[in-house]
2 protein chains.
Amino acid sequence: MLESIILGMVSDNDFTGYDIKKLIENGIGVFYKASYGSLYPALKRLTDKGCLTTYEKPQGGRKKIFYHITEEGQKQFFDWLVSPTDITEGTNTHLAKIYFFDNLSPEIREQQLLEYEINNRNYLRKLNDLENKYNKMENKECFYYKLSTLYYGICITQKTIQWCQHIRMQKPLSDLIQDKKS
Amino acid sequence: MLESIILGMVSDNDFTGYDIKKLIENGIGVFYKASYGSLYPALKRLTDKGCLTTYEKPQGGRKKIFYHITEEGQKQFFDWLVSPTDITEGTNTHLAKIYFFDNLSPEIREQQLLEYEINNRNYLRKLNDLENKYNKMENKECFYYKLSTLYYGICITQKTIQWCQHIRMQKPLSDLIQDKKS
DNA sequence: ACCGACATGTAAACGGTTACATGATTTT
DNA sequence: AAAATCATGTAACCGTTTACATGTCGGT
């Protein structure tokens with residue numbers, strides 16, 4: 001997974017490991033995280049496999065190692081892009097927690113759900129800030145799909161907040177579902 | 001994570017490892033998966049830690065090992081339930097993929113997105129079937145929150161399908177966001 | 001002089017996936 | 001008689017997290 005993401009990040013530009021970390025944070029940080037402890041070994045693996053080449057270009061006394069994608073790397077990236085996607089993969093541990101909330105006393109449960117809702121509201125604010133930032137940029141049509149994932153994050157977080165409000169008040173669950181006829 | 005989920009599953013009833021696997025699949029399979037290769041070692045760790053006790057109760061010639069939660073286990077489960085939740089944890093690898101879809105030719109992209117949408121529609125059908133099944137059950141108020149996560153899955157999958165349709169046609173992304181004034 | 005951001009890495013511990021191994025019981 | 005499901009586990013492999021280690025550069 002991480003390897004494919006790295007290939008995607010360097011697919012049109014050479015970057016350093018540090019750059020790639022930043023790109024991941026700012027780009028898909030909404031739904032994916034990578035630490036240096038996984039990133040650098042992954043870069044090494046990709047280099048050993050012949051998917052990347054490296055060159056040094058120190059800036060001042062600062063060591064900098066750039067990664068460049070090879071044709072083999074491009075091929076593997078493309079193969080990943082068009083490989084079948086299992087939509088059930090991925091985890092959502094906070095939901096697993098709420099699954100057990102019937103076990104909690106009403107007071108504590110209320111408090112926990114409220115906290116969860118607030119966390120989502122704060123998160124939504126961050127995503128909206130990001131959106132505003134990107135909206136000021138030009139030639140947005142060049143990264144429509146990159147932006148689309150940010151909008152997905154906003155949509156889903158909005159829905160999550162609505163869901164939170166709903167289940168805090170223990171309203172009928174079936175009211176949550178949209179009419180299929182629409 | 002898995003350890004906490006196991007504790008949750010046995011918190012009101014003794015179960016075998018096999019049972020627990022099924023409970024996880026049917027209960028939170030929407031957003032969490034566990035294999036025997038992780039489950040049985042986790043059960044062993046929990047037993048060693050004193051969170052679980054075991055007893056054998058063979059049925060016929062079939063070996064059956066039941067796990068029972070201890071007070072220490074109950075305490076740890078409760079601590080987890082009320083521990084602060086990081087809503088940014090968890091991964092969504094299919095979204096990471098779509099992030100790179102600007103790199104794809106329009107034809108292949110269209111095809112991939114359509115496939116993704118169909119996968120989500122199939123998945124939604126499964127979730128709706130589950131919902132119908134649970135709706136026929138009695139005393140639903142006893143597991144309102146357990147059910148709430150299923151409804152969350154349905155809501156989010158519906159939204160995902162809408163989002164898919166939207167970005168397939170490259171409609172303006174800002175149209176995706178609900179009015180904040182509402 | 002110090003702090004925060006830049007920059008690259010390593011090692012231990014941990015946990016998860018996959019595949020394998022074994023055998024009983026129920027269903028077709 | 002065969003296939004599916006019940007039932008418990010192990011082992012190799014792999015990747016991630018966390019913490020640590022080292023050093024540069026720009027701003028205050």
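So that the names make sense, note that chain A is the first sequence line, chain B the second, and so on, each numbered from 1.
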| query | Out of B:V30, B:I24, B:N26, which one pairs with B:I28 under the side chain to side chain contact (heavy atoms under 4.5 Å, CB included) rule? | reply | B:I24

| field | Spacing between B:I24 atom CD1 and C:dT17 atom P, to the nearest angstrom | value | 11 Å

| said: Base, sugar-phosphate or nothing for B:K21? Non-hydrogen atoms, less than 4.0 Å. | reply: nothing

| query | If you measure from the Lys or Arg side-chain nitrogens to the Asp or Glu carboxylate oxygens, is any gap between B:D129 and B:K133 under 4.0 Å? | reply | no

| query | From the 5' end of DNA chain D to its 3' end, which nucleotides mark the outer limits of contact with chain A, defined by a 4.0 Å heavy-atom distance cut-off (strictly under)? | reply | D:dG15 to D:dC25

| message | Suppose we screen for side chain to side chain donor-acceptor pair (under 3.5 Å). Which residues come up paired with A:T88, at least two apart in sequence or across chains? | response | A:D86

| query | More 5' along DNA chain D: B:Y67 or A:E3, using each one's nearest nucleotide? | reply | B:Y67

| remark: Walking DNA chain C from its 5' end, the first of B:G60 and B:L2 to be reached, judged by nearest nucleotide, is B:L2

| B:F66 near the nucleic acid: base, sugar-phosphate alone, or nothing, with a heavy-atom cut-off under 4.0 Å? | nothing

| Do we see a donor-acceptor contact under 3.5 Å between the side chains of B:R125 and B:N128? | no

| Does B:K146 count as lying over the ring of A:F100, i.e. NZ or CZ under 6.0 Å from the six-ring centre, within 45 degrees of the axis? | no

| Contact class for B:F15 (heavy atom, under 4.0 Å): base, sugar-phosphate, or nothing? | nothing

| remark: A:M1 atom CE is separated from C:dT17 atom P, nearest whole Å, by 16 Å

| field | Contact list for DNA chain D against residues 27-55 of chain B - heavy-atom distance below 4.0 Å | value | B:Y36, B:G37, B:Y40

| query | Would you say C:dT8 has OP1 or OP2 under 4.0 Å from some side-chain N or O of A:K63? | reply | no

| Thinking salt bridges, do A:R168 and A:E110 make one under a 4.0 Å N-O criterion? | yes

| query | Is the closest basic N to carboxylate O distance between A:E3 and A:K49 below 4.0 Å? | reply | yes

| query | Whole-Å distance between C:dG4 C1' and A:R62 CZ? | reply | 11 Å

| Salt-bridged, A:D79 to A:K75, with N to O below 4.0 Å? | yes

| task | Please round to the nearest 0.5 Å and tell me the distance separating atom CD of B:Q162 and atom OH of A:Y152. | result | 11.0 Å

